[in-house]
Amino acid sequence: MRARTYGLALLAGALLASAACSSPSSGPSQPRADTATRTIRPVQGCGTASWTDPADRAPDRAPARCRPGSPAPQRLTEPRKLTIATGTLSAEYVAPLRVALDKGEFEKEGLDVTLRVLPTPEALPLLAKGEVDALWAAPEAAVMNGIRGGFVIRWVAGNFSPGPKSKSGLWVRLKDGETPAAVRMADRTLGTMIGKGSVIAYPMEQALEQHGGGLDRIRYQQLGSADVLTALRNGGVDSAWLLDPVWRRVDGEPGYAFLGGQPPGEPLGGMLYGPSLLNDDVDAGVALLRAYIRTVNTYFAADYKRNERYVTYLADLLKTDAAILRSTPSLRMDWEIRTGTTARLQAAYRAQGVAKDDALPESRTVNRSLYEEAVGHRP
């Protein structure tokens with residue numbers, strides 16, 4: 001993410017916080033999908049394994065799963081046109097949406113879905129006004145600011161957590177005498193293309209605190225995606241947040257250490273809904289998640305990269321190099337949201353200095369009821 005996008009994110013957050021309360025498009029503060037009046041019935045193919053305790057954050061937690069092809073489509077009586085905003089169409093974490101479109105999973109529900117590429121700062125106001133129906137992103141600081149200002153936006157489904165062999169995250173150049181187990185991060189520079197206010201603040205804080213640092217004790221240097229690794233290698237920065245598949249370039253090389261990444265078993269992003277699917281058409285909101293969940297169960301249930309033909313298919317769909325896609329572990333696709341994730345994110349935003357108010361309660365940031373209905377789980 002470049003500096004301009006980071007500036008837009010902060011500007012969008014400020015505008016949302018200051019203007020949403022008086023906006024007629026912000027709708028009621030509590031969406032109808034939270035009223036608990038909808039009937040939840042058992043869903044064939046989705047048994048006890050289709051739901052896990054939201055409080056379970058064990059690194060080896062198996063993500064919820066139904067049988068392949070489940071939950072079965074329940075075509076809406078009238079077709080709906082929906083727009084999902086996403087920052088990219090080529091990243092692996094977007095693959096379930098691309099596959100759902102390609103395999104006709106949305107269409108089976110009576111949904112005509114369009115994926116529209118928009119940066120989160122530009123998509124947020126459109127989501128809040130119902131001009132886009134959903135956002136495939138994360139509950140970043142700008143999202144929290146918008147909700148605090150009165151916009152009806154909820155995080156309604158997760159996306160993924162890293163595989164156990166992933167090393168996407170914080171990497172550091174070791175100084176003389178340092179070892180991976182003994183690194184002091186305080187006062188070092190961190191190169192990142194992700195600005196303050198991103199969900200990455202939370203795992204980064206965890207990694208820094210284990211090594212004598214903290215979000216308020218490092219110096220940030222925002223760099224373009226092509227410059228982060230170069231700066232780390234030539235000494236321009238002391239550390240860097242390296243994403244898939246860039247970390248492969250330093251993995252195993254002497255003088256570098258991996259300090260930590262996204263917590264296993266805890267998705268930090270996914271689907272965000274605005275008023276059109278939380279208030280105006282909850283049936284369509286459930287149908288959209290049902291198609292997404294069915295796609296995960298059918299095509300991403302386990303280590304999907306073991307299938308060479310499927311990797312080739314994904315690479316072609318995402319328009320990326322199959323060798324690059326194959327070089328990193330499969331993501332653990334996971335539609336569930338862990339308890340307390342948005343509270344931990346907001347604590348990290350405060351530590352970065354991009355949020356000052358008390359944390360919003362989970363009842364204002366998260367809605368699990370739609371994916372629970374899709375798999376037939378009664379809370």
Side-chain angles (χ1 to χ4, degrees), residues 1-11 87-88 90-93 119-121 138 140-142 162 165-263 268-269 320-321 323-325 327-329 348-349 351-354:
M1 185 181 294
R2 289 175 166 78
R4 177 179 177 272
T5 301
Y6 165 53
L8 282 171
L10 294 183
L11 176 59
T88 177
S90 60
E92 189 175 343
Y93 69 86
T120 296
E140 298 177 346
K165 295 182 180 180
S166 175
K167 294 182 181 179
S168 173
L170 183 61
W171 285 80
V172 63
R173 283 177 62 95
L174 298 174
K175 296 181 178 180
D176 290 343
E178 286 185 332
T179 66
V183 179
R184 296 289 297 176
M185 288 297 299
D187 300 320
R188 291 196 177 185
T189 54
L190 173 73
T192 175
M193 62 180 183
I194 303 166
K196 291 182 179 181
S198 164
V199 292
I200 299 302
Y202 159 45
M204 192 159 62
E205 181 179 44
Q206 290 186 316
L208 289 170
E209 288 180 347
Q210 293 173 10
H211 296 278
L215 293 174
D216 59 344
R217 302 184 65 189
I218 58 171
R219 301 188 304 275
Y220 297 90
Q221 185 169 336
Q222 196 159 5
L223 300 165
S225 59
D227 303 322
V228 175
L229 179 63
T230 300
L232 179 65
R233 281 182 152 172
N234 66 20
V237 295
D238 303 306
S239 59
W241 191 270
L242 301 181
L243 303 176
D244 290 334
V246 178
W247 59 268
R248 287 289 199 186
R249 303 284 295 277
V250 294
D251 187 28
E253 288 193 17
Y256 296 94
F258 172 62
L259 302 186
Q262 178 178 334
L268 299 182
T320 189
D321 188 282
I324 293 176
L325 189 64
S327 71
T328 56
Y349 301 152
Q352 282 188 324
V354 295

[atom1] of [X] to [atom2] of [Y]: how many Å apart, nearest 0.5 Å?
| X | Y | atom1 | atom2 | result |
| --- | --- | --- | --- | --- |
| Ile324 | Asp244 | CD1 | CG | 11.5 Å |
| Asp216 | Glu205 | CG | CD | 8.5 Å |
| Met185 | Asp238 | CE | CG | 7.0 Å |
| Ile200 | Leu170 | CD1 | CG | 11.0 Å |
| Lys175 | Arg188 | NZ | CZ | 4.0 Å |
| Ser166 | Gln262 | OG | CD | 8.5 Å |

Might you point out which heavy atoms bring [X] and [Y] nearest each other, and give the distance in Å?
| X | Y | result |
| --- | --- | --- |
| Leu229 | Val250 | CD1-CG1, 3.7 Å |
| Ala231 | Leu223 | CB-CD1, 3.6 Å |
| Ala138 | Leu268 | CB-O, 3.4 Å |
| Leu259 | Pro180 | CD2-O, 4.1 Å |
| Pro203 | Val199 | CD-O, 3.2 Å |
| Pro245 | Ser327 | CB-OG, 3.6 Å |

Between Gln352 (side chain) and Gly197 (backbone), is there a donor-acceptor pair under 3.5 Å? yes

Quick one: does Tyr220's side chain have a donor or acceptor within less than 3.5 Å of a partner on Leu215's backbone? yes

Candidate list Leu190, Asp187, Thr189, test side-chain contact (heavy atoms from CB on, under 4.5 Å), partner Ile218, passing option: Leu190

side-chain contact (heavy atoms from CB on, under 4.5 Å) assessment of Thr328 paired with Glu92: CA-CA 10 Å; Thr328 56; Glu92 189 175 343; 4.1 Å; yes

Should the pair Trp247 and Trp171 be assigned to parallel (<30°), tilted (30 to 60°) or perpendicular (>60°) ring geometry? parallel

Counterpart residues, salt bridge (Lys or Arg N to Asp or Glu O under 4.0 Å), relative to Glu209 (two or more places apart): none

Just jot down the side chain to side chain donor-acceptor pair (under 3.5 Å) partners of Tyr256, sequence neighbours excluded, or say none. Arg173

Chi angles and distances behind the side-chain hydrogen bond (donor to acceptor under 3.5 Å, both in side chains) call for Ser90, Thr88: CA-CA 6 Å; Ser90 60; Thr88 177; 3.1 Å; yes

Are any non-hydrogen side-chain atoms of Leu208 and Arg217 less than 4.5 angstrom apart? no

Evaluate side-chain contact (heavy atoms from CB on, under 4.5 Å) for Asp251 paired with Arg248, printing each intermediate quantity in order. CA-CA 5 Å; Asp251 187 28; Arg248 287 289 199 186; 4.1 Å; yes

